[in-house]
Each structure stands twice: as structure tokens, then as C-alpha cells.
Protein chains: 2
Amino acid sequence: MSPRIGLNQIMILEEAARAADEAGLESVTLAELAKRLQVKTPSLYNHIGGLPDLRKSLAIHGLEQLRIALLNGTVGKAGEEAVLAVGRSYVGFVRQRPGLYEATLSAPDPLDPDVSAASDEILTFMLRIMDGFGLTEEKALHAVRAFRSMVHGFASLELKNGFNMALNRDQSLELMLITYLRGLALSTA
Amino acid sequence: MSPRIGLNQIMILEEAARAADEAGLESVTLAELAKRLQVKTPSLYNHIGGLPDLRKSLAIHGLEQLRIALLNGTVGKAGEEAVLAVGRSYVGFVRQRPGLYEATLSAPDPLDPDVSAASDEILTFMLRIMDGFGLTEEKALHAVRAFRSMVHGFASLELKNGFNMALNRDQSLELMLITYLRGLALSTA
DNA sequence: TTATTATACTAATATAATTAGTTTTAAGTC
DNA sequence: GACTTAAAACTAATTATATTAGTATAATAA
């Protein structure tokens with residue numbers, strides 16, 4: 001009757017990410033996904049556990065992609081240059097994959113071990129970037145929190161069109177990070 | 001038959017905000033709201049235009065409440081002390097009214113004039129707080145963007161349980177803001 | 001060739017948003 | 001106090017979604 005389309009988890013995940021980037025995470029419904037994949041909705045259940053399950057997978061996939069983007073953005077860089085590069089890469093990732101980034105923040109249960117693990121990898125990456133800044137372990141943890149807050153906050157506000165004014169955004173990001181780093185240098189001096 | 005309950009827009013809005021705080025914005029459905037208000041779902045349409053309309057009202061209401069909270073948190077303070085107070089009040093508000101804060105970020109159309117206006121009031125408030133820092137107008141705008149990014153990012157990550165480690169959160173916030181302010185002082189010196 | 005399994009399907013159920021149209025309460029008017 | 005009217009609540013129906021159960025078939029393996 002109907003030739004098999006050859007669906008699998010990866011195809012669904014990638015189509016979901018594309019759909020999220022195009023129209024926002026909210027609009028990613030199983031009905032819409034099935035339409036895009038030329039399949040009836042219930043067929044999706046042969047490959048995923050349901051919508052919450054898909055969202056969790058999307059969150060993990062997004063965190064992995066984000067980590068790779070940060071990694072790629074910092075090859076061959078160290079010190080403050082590396083920190084700036086992470087900031088640029090982070091914001092760049094959110095601009096390129098807005099829906100996928102949104103998914104990383106909307107896991108059904110953010111405390112899920114698998115999601116936490118993917119999140120922790122980014123954290124330890126950032127900690128390594130801040131190695132050699134001469135911070136105590138505790139100060140370094142505070143600094144990583146600050147850094148994540150800054151870049152996530154910036155990217156997230158930009159995503160929601162929170163920056164209305166005609167004022168260069170890249171420059172805002174750059175200035176924020178440089179100003180913070182200057183203050184950080186003072187505290188270790 | 002059924003005695004009138006005396007519903008109005010405000011009652012619906014406040015119940016929606018409460019529900020959002022209790023169970024997250026996602027769980028605020030008209031069906032759930034109607035149940036909480038002891039009314040049938042279609043009755044809500046006598047007072048609101050529908051779910052998107054309610055969400056927009058919630059966003060504006062949340063922005064107003066946030067502005068009031070910031071205002072109250074800074075009476076009698078000036079300079080860096082005022083900036084720190086805004087940061088504390090901002091994060092405090094998000095902790096107290098997580099769902100309502102979520103709503104401020106999830107308006108159906110963030111570029112809607114009414115929502116933008118409410119958002120702009122917070123912006124100009126922050127600009128006034130930074131008056132007297134000796135910044136050029138452009139630098140001040142960049143600084144406000146940075147400040148919003150920091151506090152929103154911090155609050156938002158905290159909300160999503162993004163801070164897993166056992167490390168004092170209030171201290172992280174305090175350190176972030178102080179470190180940034182130190183860097184800012186350098187650039188004007 | 002046959003047996004098995006995975007994949008896609010149809011059918012059915014439950015929840016939600018929304019609209020249309022009806023009844024009834026509450027308020028004011030004569 | 002009876003009457004009119006507008007608002008507020010209702011029932012009924014439509015559409016969209018997620019999900020489950022059960023069926024048929026295509027691909028694969030024996």
C-alpha cells in the first residue's frame with residue numbers, strides 16, 4: 001500500500017530541530033512533524049516515545065551541538081581571547097539555531113540525569129577556558145556562573161527581540177565581556 | 001440557574017499569574033483556568049479575547065510588576081549601591097513570581113507596541129540608575145544591555161535549575177555585578 | 001520459500017481552544 | 001413594581017492535538 005519512508009529517530013530529531021529554528025519550538029507538534037515527514041502522526045511513535053521524549057532528545061542534541069560550536073570557536077586560543085571567543089560562538093550558535101537553543105532550555109525535566117550530563121560538559125569546558133586566570137576553585141565557579149549568565153542572557157534577550165534600540169549588538173556583547181574581564185583581572189591582581 | 005460568579009479581566013489575569021507561578025506558564029490553559037475560577041471555559045471569552053490575548057496581558061502585567069519591584073528595591077539608594085539593589089530586586093522578583101516572569105518573555109508578539117512600551121519603561125529606569133556614572137550616552141546604553149543580560153541570564157538560569165552545584169547563589173550574583181562594576185569604573189577613570 | 005519483525009497504517013479516545021447561539025441574571029428605566 | 005436590556009454565564013458543536021490499540025505489509029532472516 002504505502003512504501004516505507006525509512007523513518008528513524010535521527011530523521012525525526014533533525015526535522016524537529018529544523019522546524020523549531022524556522023517557526024519556534026512551540027510550533028513543533030507531532031502533527032506538524034508528521035506532515036513534514038510525509039507520514040501519519042501515529043507512525044512517529046514507532047521511533048520516539050512521545051512529545052516529551054522528543055523534547056528531551058532535542059534538548060540533549062542541542063546541548064551537544066552547542067558544546068561543539070564552542071569548542072570549534074576556541075581552537076588555538078587561550079586566556080581572555082578564548083573567553084571572548086566562547087562568548088561570540090555562543091551568541092552565534094543561538095542566532096543560527098534559535099529553535100534548537102530554545103529546546104536546550106525547555107526540557108520537560110531539567111534535572112533529568114541525561115540532560116544534566118550534557119549541560120555539565122559545557123560547564124566543565126568553560127571551567128577549562130578559565131584555567132590559568134589565577135582564580136581559586138570557588139572563584140572560578142562563580143566566574144563561570146557569571147559568564148554563562150552573561151552570554152545566555154544576552155543571547156536570550158536578543159532572541160526575544162529584547163534589544164529594541166538601534167545600537168550595534170556585537171559591540172554590546174564585546175563590551176560586556178571585556179568590562180567583566182577587566183573587573184576580574186582586578187580581583188586577582 | 002447558575003449564580004453569577006462576578007468574573008472580570010483582572011480576576012482572570014491574577015488567577016492566571018498564580019497558576020503560572022504554581023505550575024509553570026505552559027500549564028496555564030483556559031480549561032484549567034476555568035476550573036480554578038469555577039466557570040465553564042467559553043465563559044472566559046466574555047472577558048478576554050482568547051489565549052494569545054491573555055498571554056499578552058500577562059506579559060504586560062508582569063513587566064509592570066517587575067518595574068514596581070525594582071523601584072521599591074532602590075528607594076534611597078544611588079550609584080553602585082543602587083545598581084546592586086536593582087540586581088537583587090530583579091532576581092528576587094523572578095524567584096517570587098517565576099511564572100509571571102516567564103510570561104514577560106513569552107508574549108505572542110514581543111514587538112507589540114503595548115508590550116514594548118512596558119519593556120521600555122524598565123529600560124529607562126535602568127538608564128536613570130546608571131546616571132552619574134560618567135558614561136557617554138552610547139556607553140550607558142551598552143551598559144544597560146549588559147546589566148539586563150546579566151540579571152536576566154542569572155535569574156533565567158536559576159529558574160531552569162541551571163545552577164546545579166552547591167555554591168551560594170546570592171554570592172554568585174553579587175560577585176558578578178561587583179566585578180562588572182569594577183570593570184566599568186576602569187573604563188571611565 | 002517461509003517466518004518474523006519492524007514500520008506504517010486506520011480507528012478511536014481524551015483534552016484544549018474556539019465559535020455560535022441560547023438562557024438568565026442584574027441593572028437600570030418607566 | 002413591572003419591563004427592557006445588556007452583560008455574563010451556559011450548552012452544543014467544530015477543529016486541532018497527543019496518545020493508544022490493533023491491523024496490515026514490507027523488509028529481512030532462516
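Letters A, B, ... mirror the listed sequences (proteins, then strands); counts begin at 1. Side chains included, hydrogens not; waters and symmetry mates left out as well; all remaining heavy atoms used.
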For B/Leu37 and D/dA8, what is the distance between atoms CG and C1' respectively, to the nearest whole Å?
14 Å

Tell me whether the guanidinium CZ or amine NZ of A/Arg145 lies under 6.0 angstrom from the six-membered ring centre of B/Phe163 and within 45° of its axis.
yes

Output the rounded distance in Å from CD1 (B/Ile10) to C1' (D/dA8).
17 Å

Does any N or O donor sit under 3.5 Å from an N or O acceptor when you compare the side chain of A/Asn46 with the base of C/dA8?
yes

Return yes if some donor-acceptor pair links the side-chain N/O of A/Asn8 with the main-chain N/O of A/His47 below 3.5 Å, else return no.
no

Could you tabulate the donor-acceptor pairs under 3.5 Å formed by side-chain atoms of residues 57-68 of chain B, not counting sequence neighbours?
unit_1  : atom_1 : unit_2   : atom_2 : d
B/Ser57 : OG     : B/Asp53  : O      : 3.1
B/Arg67 : NE     : B/Glu121 : OE1    : 3.3

Do B/Ser43 side-chain atoms and B/Val39 backbone N/O form a donor-acceptor pair below 3.5 Å?
no

Atom CG of B/Leu44 to atom C1' of C/dA20: distance rounded to whole Å?
17 Å

Rounded interatomic separation in angstrom, taking CD1 from B/Ile48 and P from C/dA17
9 Å

Give a yes/no answer on whether the side chain of A/Ser43 brings an N or O atom under 4.0 Å of OP1 or OP2 in C/dC9.
yes

Please work out whether the ring planes of B/Tyr101 and B/Tyr90 are parallel, tilted or perpendicular, with thresholds of 30° and 60°.
perpendicular

Length of the NZ-P vector between A/Lys40 and D/dG22, whole Å:
22 Å

Reading nucleotides 14-20 of chain D from the 5' end, what letters show protein touch, with B for base, S for backbone sugar-phosphate only, - for no heavy atom under 4.0 Å?
---SSBB

C/dA8 phosphate, OP1 or OP2: any side-chain N/O from A/His47 under 4.0 angstrom?
yes

Counting only heavy atoms not in A/Glu26 (residues, nucleotides, ligands), do more than 12 fall under 6.0 Å from its CD?
no

